[in-house]
Trainee: 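Structure incoming, see below.
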There are 2 protein chains.
Amino acid sequence: MTARCMSIPLIMNLPKPIPCCCPPLLSGRLEPEELNDVARIFRVLGEPARLQLLNLIAAQPSQEVRACELVETLGLSQPTVSHHLKVMYEAGLLTKERRGTWIYYRLVAERLAELRSVLS
Amino acid sequence: MTARCMSIPLIMNLPKPIPCCCPPLLSGRLEPEELNDVARIFRVLGEPARLQLLNLIAAQPSQEVRACELVETLGLSQPTVSHHLKVMYEAGLLTKERRGTWIYYRLVAERLAELRSVLS
DNA sequence: AGTGAATATAGATAGATATCAATATTATGA
DNA sequence: TCATAATATTGATATCTATCTATATTCACT
């Protein structure tokens, strides 16, 4: 229980991650800030309703959905759907485009690719 | 507000996902059960401390850590570290191996690869 | 301007979970 | 078998967030 067991040194001088996109988790040490950023995005994906959203959009021939379609499809209230869309939009996973009364959401494929690279 | 806007049909007869590992999120419709499973794993990765754990293990030349090292390194209490290790172990992200008093944890690379394929 | 539909925000609540202190369990070695 | 170190479990607490209802905002059309 007491500190007989030595801790791992925090600094190892490994190459800095590329700053433009998410740093890889398995090569090179990540800063606390970076860990927070990556964790935040994974948390966004940690909700079945949001995954279903991605899944639905990807299944559309048009590759987009109107927000209003989702209320009935997901079986959630309109504010809840709106909340999820906002969370995903702010996480960079979706784009939104207003066309008249409706708002269309699309996947950001690059963001997903980025996340994939985090895990490699 | 009222239901003028049509919902997306839930059944589209797309090919069933391969049952052996995580189904891809962007091709083929996922069942609610599958969505839950995938979400659960992402939630495990949605904690900075756990990401730091993965990052630490990957940075070791031996590709493994003793649990006791992590307490000081992560700056968390021993029960908290134990909890995170358990969560990751049960999510299939880590293996554990007892050697004497110590328990060594390693990454499950296949599990991470699986997750990557979910996002493609 | 006024109406109605689509979307967003505010506020409240319930459930999940990260964290800790205290304690239990397991393994080693004297 | 006893002491000690490593690990796990228990129980409590605080924070986070998904969800809802109610309300506000935005837009198109007459």
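Quick caveat, the model's predicted, so the values are computed rather than measured. Lettering of chains follows the sequences in order, A, B, ..., and the numbering in each one begins at 1.
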Trainee: Please list, chain by chain and in numerical order, all residues satisfying side chain to side chain contact (heavy atoms under 4.5 Å, CB included) with B/N36, sequence neighbours excluded.
Mentor: A/P48
Trainee: In whole Å, what is the span from the CG atom of B/L74 to the P atom of C/dT19?
Mentor: 10 Å
Trainee: Could you state the atom-to-atom distance from CG of A/L53 to P of D/dT19 in whole Å?
Mentor: 11 Å
Trainee: Take the protein atom CD of B/E97 and the nucleotide atom P of D/dA6, then report the distance between them rounded to whole Å.
Mentor: 18 Å
Trainee: Using five pairs at each end of the helix from C/dA1-D/dT30 to C/dA30-D/dT1 to define an axis, what is the angle between those two axes, to 10°?
Mentor: 30°
Trainee: Would you mind writing out the side-chain donor-acceptor pairs for residues 84-92 of chain A within the sub-3.5 Å range, not counting sequence neighbours?
Mentor:
unit_1, atom_1, unit_2, atom_2, d
A/H84, ND1, A/R50, NH1, 3.1

Trainee: Counting heavy atoms from C-beta on, name the nucleotide in C/dT19, C/dA8, D/dT21 closest to the side chain of A/I103.
Mentor: C/dA8
Trainee: Would you mind classifying the nucleic acid contact of B/Y105 as base, sugar-phosphate or nothing, using non-hydrogen atoms under 4.0 angstrom?
Mentor: sugar-phosphate
Trainee: Sequence neighbours excluded, which residues qualify as side chain to side chain contact (heavy atoms under 4.5 Å, CB included) partners of B/I103?
Mentor: B/K96, B/R98, B/Y105
Trainee: Which pairs pass ring pair (Phe, Tyr, Trp, His ring centres under 6.0 Å) with one or both residues in residues 57-83 of chain B, sequence neighbours excluded?
Mentor: none
Trainee: Quick one: A/L70 CG to C/dA6 C1', roughly how many Å, whole number?
Mentor: 12 Å
Trainee: Whether A/K96 contacts C/dT7 is assessed here as follows: a side-chain N or O lying under 4.0 Å from the phosphate OP1 or OP2. Is that the case?
Mentor: no
Trainee: Which listed nucleotide (D/dT21, D/dA8, C/dA6) is nearest to the side chain of A/P79?
Mentor: D/dT21
Trainee: Say you draw a straight line from CD of A/Q52 to CZ of B/R29; how long is it, rounded to the nearest 0.5 Å?
Mentor: 8.0 Å
Trainee: Take the protein atom CG of A/L85 and the nucleotide atom P of C/dA8, then report the distance between them rounded to whole Å.
Mentor: 7 Å
Trainee: Over how many whole Å does the gap from B/L76 atom CG to D/dT7 atom C1' extend?
Mentor: 16 Å
Trainee: In whole angstrom, give the distance that lies between atom CE of A/M88 and atom P of D/dA18.
Mentor: 12 Å
Trainee: Can you build the contact string for nucleotides 25-30 of chain D? Use B for base contact, S for sugar-phosphate-only contact, and - for no protein heavy atom under 4.0 Å.
Mentor: -SSS--
Trainee: Identify each atom pair where a protein N or O and an N or O of nucleotides 14-18 of chain C are less than 3.5 Å apart, giving names and distance.
Mentor:
unit_1, atom_1, unit_2, atom_2, d
C/dT17, OP1, B/R43, NH1, 3.1
C/dA18, OP1, B/R50, NH2, 3.2
C/dA18, OP2, B/R50, NH1, 3.3

Trainee: For A/S77, enumerate each residue passing the side chain to side chain contact (heavy atoms under 4.5 Å, CB included) test, keeping only those at least two apart in sequence or located in another chain.
Mentor: A/P79, A/T80
Trainee: With sequence neighbours left out, what residues match B/R116 under side chain to side chain donor-acceptor pair (under 3.5 Å)?
Mentor: none
Trainee: Could you pull out all residues at least two apart from B/N55 that satisfy side chain to side chain donor-acceptor pair (under 3.5 Å)?
Mentor: none
Trainee: Roughly how far, to the nearest 0.5 Å, is the CD atom of A/Q63 from the OH atom of A/Y104?
Mentor: 15.0 Å
Trainee: Any side-chain N or O of B/K86 under 4.0 Å from OP1/OP2 of D/dT7?
Mentor: no
Trainee: Suppose we screen for salt bridge (Lys or Arg N to Asp or Glu O under 4.0 Å). Which residues come up paired with B/E64, at least two apart in sequence or across chains?
Mentor: B/R99, B/R106
Trainee: Would B/L94 and B/L107 count as a side-chain contact (heavy atoms from CB on, under 4.5 Å) here? Give the steps.
Mentor: CA-CA 5 Å; B/L94 297 180; B/L107 298 181; 3.8 Å; yes
Trainee: What I want to check is whether an N or O donor and acceptor connect the side chain of A/Q78 with the base of C/dA6 at under 3.5 Å.
Mentor: no
Trainee: For residues 58-79 of chain A, pull every pair meeting ring pair (Phe, Tyr, Trp, His ring centres under 6.0 Å), keeping only residues two or more places apart or in separate chains.
Mentor: none
